[in-house]
Amino acid sequence: MQKLHYYVPMDILLFRDLEKLRALGNFSQAAVLANLSQPAFSRRIKSLETWVGATLVDRSRQPVRLTEAGTQMLEAGLQALARIERERSQILEAHSLPDKYVVTFGAQHSIGWRFYPSWLQALEDAYGPILSGLRADDLHNCLRDLKNGELDFVVAYVGPAQQSDNSFDTVVIGSDELIPVCKPESDGTPLFDFTREGVDMPYLRFGEAAPISTLLNPMLKAHGLYRRLTTVYENSMAGALRIRARAGDGIAWLPRSLVAPDIDQGLLVLTGVPEWKVELQIRLYRNPANTNRVTRALWSFLEVREAVPLVQEG
């Protein structure tokens, strides 16, 4: 006749006791670590064996060792505990978040002008409304605050071959390009025309500390443009360079997304040749050590959409 096993509720934390016994190989020492008397600790191990229906500890030797069944059950028990603790952590996190969590973005000034508002609108159209805030700042400051957990995401320009910081996750959310522009003459031709040989061109440049300069400088060097350019103004903010370019003070390489309205209105024109543009990726950064259910859901959506960016500028 088949023997029936009746299962009773079991304290899953008994697997922690079994783990201590495996590590120390001694009931007395394991009991001290568990802050229990030895008899109480022994009863807990025995109750686990009763629940399993098999001997889990070989007591015939010193130090004691787990039987094959004990090793198998301990592994399963620790996995179950890890899952329970992970789920508990997520539940606590969900309850600790406010009902309307504000997702915080950081962005370079040049991205915050035009790309970010267009991208955010496209994101909400495809994903759904979110509460969000933007901090436009130097990229170094944005990445610092991302690392410190003061921002959820950072939007930044990256060259196609540029290596990303391994401490952050990144996903491509758009593209852009740096293009040479200047004020037009009355007939619509560039005020500063590179076809005029022997003429130095006034250059409105990004400061060396600006991340965009590290993306632009290799192209300028490769095409020998430094000898044709004379710096007349320097600023780390693309918006400031744009104002000076519109005033006719010189040539600036600026994001197409930023100056597209000016080109459409005839306030700026392209100068130079098409080979002098610099392709850019626009990437979203996150700190994998600082996420929550809202930001994880948003990130998962953007990973799926990476092959087809929500908005394409340039």
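Since the structure is predicted, the reported quantities are computational estimates derived from the model, not experimental observations.
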Verify, without hydrogens or angle tests, whether T271 (side chain) and F192 (backbone) share a donor-acceptor contact under 3.5 angstrom. yes

Under 3.5 Å donor-acceptor, D176 side chain and R256 backbone: yes

May I ask you to decide if G207's main-chain N or O and S213's side chain share a donor-acceptor pair within less than 3.5 Å? yes

Report the C-alpha distance between D58 and R65 in whole Å, list the side-chain angles of each, state the deciding distance to 0.1 Å, and finish with yes or no for salt bridge (charged side-chain N to carboxylate O under 4.0 Å, His left out). CA-CA 5 Å; D58 181 358; R65 295 181 181 178; over 6 Å; no

E19 (side chain) donor-acceptor with L78 (main chain) under 3.5 angstrom: no

Which residue is it: I130, N292, L131? I am looking for the one with a side chain to side chain contact (heavy atoms under 4.5 Å, CB included) to Y101. N292

So do the side chains of E306 and E303 get within less than 4.5 Å of each other, counting heavy atoms only? no

Distance-only, no hydrogens or angles: does the N235 side chain make a donor-acceptor pair with backbone N or O of M237 under 3.5 Å? yes

Would you kindly say whether D152 and T104 are connected by a side-chain donor-acceptor distance under 3.5 Å? yes

Between W253 and W276 (side chain of the first, backbone of the second, donor and acceptor by atom type, cut-off under 3.5 Å), is there such a pair? yes

If only atom types and distance count, is the side chain of T71 paired as donor or acceptor with the main-chain N or O of T67 below 3.5 Å? yes

Counting neighbours of CD on Q72 that are heavy atoms of other residues, nucleotides or ligands and sit closer than 6.0 Å, is the number greater than 12? no

side-chain contact (heavy atoms from CB on, under 4.5 Å) between E49 and K46, worked out: CA-CA 5 Å; E49 290 179 313; K46 187 62 179 177; 3.6 Å; yes

Expected output: side-chain Q281 to main-chain V158 donor-acceptor under 3.5 Å: no

